[in-house]
Amino acid sequence: MRILLTGSCGYVGSALVPKLIDAGHRVFGIDVGWFTDNPLPKDVRTIKDLGDIECIIHLAAISNDPSVAYYPRLSWETTVLATQQLAQMAVKTGCRFIYASSVSVYGADRGMVTEDMDVQPLSDYNKTKMCAERVLLSYPDLHAQIIRPATICGLSPRMRLDLTVNTLTMQALTKGVMTVHGGSQMRPSIHIDDMTDLYVWMVDHPEVYGIYNAGFENHSVMELAIMVREKVRGSVIKVQDIFDKRSYKVNSDKILAAGFQTNKGVWDAIKEISNSFLLENLYDEPQHYNLDWMTHLGIKDE
């Protein structure tokens, strides 16, 4: 299948490309190139023609709350406007559409969230994802496959260290101290191998469309820090009173009932990051933090 993958050089995209190729698909990557030496960067907002593309996997977005708060216009255009443009083209050509949303659309302190619950987005990041979902659902003939991932963890060719498990593990390895804000708030997680496997699985299962949660472990932030401490011996946990009110657990029975199977979890991610760091294959570098690197590059909100 000929697949257009937006955000192909990102945290998930760079790990997904080889899996799609191994599965026999032809992959046409689109990426703005901020986090890579991509010699042919292309902005997803500028795509005008899908050509003979048969499936879009739309990952491109400004990711995480701080980055979207800093770049609101860029975020709304990349996540919502670009999604609408791609959806219109996909409807005209009969192209399939797989979209990366986020469980953060559910909002704060919701308990166990399921796909039939209403969304209550808090931040602009959450709101952009919600709006993009509604754009896709407004085209019923598109049969969009919308995935709401939990917080992703684990190693990637384009590493991110501004995600909860990854952040705590790197703090323990480099500083010996993990900073936990509050600690009781719940964080659902998904290993990046399961995340990328799910996209490949979705390509093979067009009959599985609609909205699906993808988060297979629910831990409090403190529990995650304790897991890291078990791997990184001698590290300590420092609790700060600054409390992040986002807290929810994710039920992903729907996608499991459809036939998808998981293979890895948080503990695997902690071990893989630790081992890669000890082997000097992974370093705590500025380009692994989205907002820091974007501001370093002088990217403007336009």
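All values below were derived from every heavy atom in this structure, side-chain atoms included, with hydrogens, water molecules and symmetry-related copies excluded. In what follows, residues are counted from 1 in the order of the sequence shown.
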Side chains of Tyr106 and Glu115, heavy atoms from C-beta outward: is any pair under 4.5 Å? yes

Please round to the nearest 0.5 Å and tell me the distance separating atom CG of Asn218 and atom CZ of Arg187. 11.5 Å

Same cluster for Val12 and Tyr212 if Ile/Leu/Val/Met/Phe/Trp/Tyr side chains link at under 4.5 Å? yes

Between His296 (side chain) and Asp292 (backbone), is there a donor-acceptor pair under 3.5 Å? no

Report the distance from atom SG of Cys153 to atom CG of Leu163, rounding to the nearest 0.5 Å. 8.5 Å

Any side-chain heavy-atom pair of Asp284 and Tyr289 under 4.5 Å: yes

Should Phe277 and Leu224 be regarded as members of a common hydrophobic cluster, given that ILVMFWY residues are connected when their side-chain heavy atoms come within less than 4.5 Å of each other, either directly or indirectly? yes

Which pairs with one or both residues in residues 164-175 pass side chain to side chain donor-acceptor pair (under 3.5 Å), sequence neighbours excluded? Tyr11-Asn166

Regarding Asn290 and Tyr71, is there a side-chain donor-to-acceptor distance under 3.5 Å anywhere? no

side-chain contact (heavy atoms from CB on, under 4.5 Å) involving Pro66 - partner list, sequence neighbours excluded: Asn64, Leu291

Do Tyr199 and Phe216 sit in the same hydrophobic cluster, where Ile, Leu, Val, Met, Phe, Trp and Tyr count as joined when their side-chain heavy atoms come under 4.5 Å apart? yes

Shared ILVMFWY cluster between Ile299 and Leu81, side chains joined below 4.5 angstrom? no

With sequence neighbours left out, which residue pairs that include part of residues 195-206 fulfil the salt bridge (charged side-chain N to carboxylate O under 4.0 Å, His left out) condition? Lys19-Asp197

What distance do Met130 atom CE and Ser102 atom OG have between them, rounded to the nearest 0.5 Å? 12.5 Å

Would you mind listing every salt bridge (charged side-chain N to carboxylate O under 4.0 Å, His left out) that reaches into residues 57-70, with sequence neighbours excluded? Asp65-Arg246

Please give me the minimum heavy-atom distance between Gly10 and Ser14, naming the atom from each residue. O-OG, 2.7 Å

Step-by-step side chain to side chain contact (heavy atoms under 4.5 Å, CB included) determination, Gln240 to Thr179: CA-CA 7 Å; Gln240 291 188 350; Thr179 301; 3.6 Å; yes

Note: Ala144 and Tyr209 closest approach over all heavy atoms is O-CB, 3.6 Å

I'd like to check the side-chain contact (heavy atoms from CB on, under 4.5 Å) partners of Val32; sequence neighbours left out, ordered by chain and number. Trp34

Are Ile57 and Val200 connected into the same hydrophobic cluster when the rule is that any two of I, L, V, M, F, W, Y join if their side-chain heavy atoms are below 4.5 Å apart? yes

CD1 of Ile3 to CG of Leu16: how many Å apart, nearest 0.5 Å? 8.0 Å

So OG of Ser184 and CD of Glu223: to nearest 0.5 Å the spacing works out to 10.5 Å

Val228 and its side chain to side chain contact (heavy atoms under 4.5 Å, CB included) partner, picked from Ile273, Ile237, Ile270: Ile270

Residue list, side chain to side chain donor-acceptor pair (under 3.5 Å) with His58, at least two apart or on another chain: Thr6, Thr83

Please tell me if the side chains of Leu297 and Met294 come closer than 4.5 Å, counting only heavy atoms from C-beta onward. no

Connected hydrophobic set around Val236, excluding itself, where side chains approach under 4.5 Å: Val177

For a 4.5 angstrom cut-off between non-hydrogen side-chain atoms, does Leu282 reach His288? yes

With distance as the sole test, does Thr79 use its side chain to make a donor-acceptor pair with the main-chain N or O of Ala61 at under 3.5 Å? no

For residues 259-269, which side-chain donor-acceptor pairs fall under 3.5 Å, sequence neighbours excluded?
residue : atom : partner : partner atom : Å
Lys264  : NZ   : Asp193  : OD2          : 2.8
Lys264  : NZ   : Glu272  : OE2          : 2.9
Asp268  : OD2  : Gly265  : N            : 2.8

Contact check, side chains of Val165 and Met227, non-hydrogen atoms, under 4.5 Å: no

Set of side chain to side chain donor-acceptor pair (under 3.5 Å) partners for Ser8, sequence neighbours left out: none

Please find the pair of heavy atoms, one from Ile192 and one from Ala15, that lie closest to each other, and give the distance. CD1-CB, 4.1 Å

Between Ser63 and Arg160 the two heavy atoms that sit nearest each other are CB-NH1, 3.5 Å

Backbone N/O of Gly183 and side chain of Gln185: donor-acceptor pair under 3.5 Å: yes

Side chain to side chain contact (heavy atoms under 4.5 Å, CB included) evaluation trace for Ser235 with Met178: CA-CA 7 Å; Ser235 59; Met178 292 171 280; 3.8 Å; yes

Distance col, row Leu161:CG vs Leu168:CG, nearest 0.5 angstrom, shows 11.0 Å

Heavy-atom check, side chain of Lys231 versus side chain of Lys271, under 4.5 Å: yes

With salt bridge (charged side-chain N to carboxylate O under 4.0 Å, His left out) as the rule and sequence neighbours excluded, what pairs involving residues 41-53 come up? Arg2-Asp52, Asp43-Arg45, Arg45-Glu77

Any side-chain heavy-atom pair of Tyr125 and Ser75 under 4.5 Å: no

Only pairs at least two apart or in different chains count here, so list each salt bridge (charged side-chain N to carboxylate O under 4.0 Å, His left out) that has a residue in residues 122-141. Glu133-Arg148

Taking transitive links into account, so neighbours of neighbours count too, which hydrophobic residues share a cluster with Leu50 at under 4.5 Å side-chain distance? Leu4, Phe28, Ile30, Val44, Ile47, Ile53, Ile56, Trp76, Val80, Leu86, Met89, Val91, Phe97, Tyr99, Val135, Leu136, Leu137, Tyr139, Leu142, Ile146, Ile211

Which atom names give the shortest non-hydrogen contact between Ile62 and Ser67, and what distance separates them? CG2-CB, 3.7 Å

Closest approach of Met1 and Arg96, non-hydrogen atoms and distance? CE-NH1, 3.8 Å

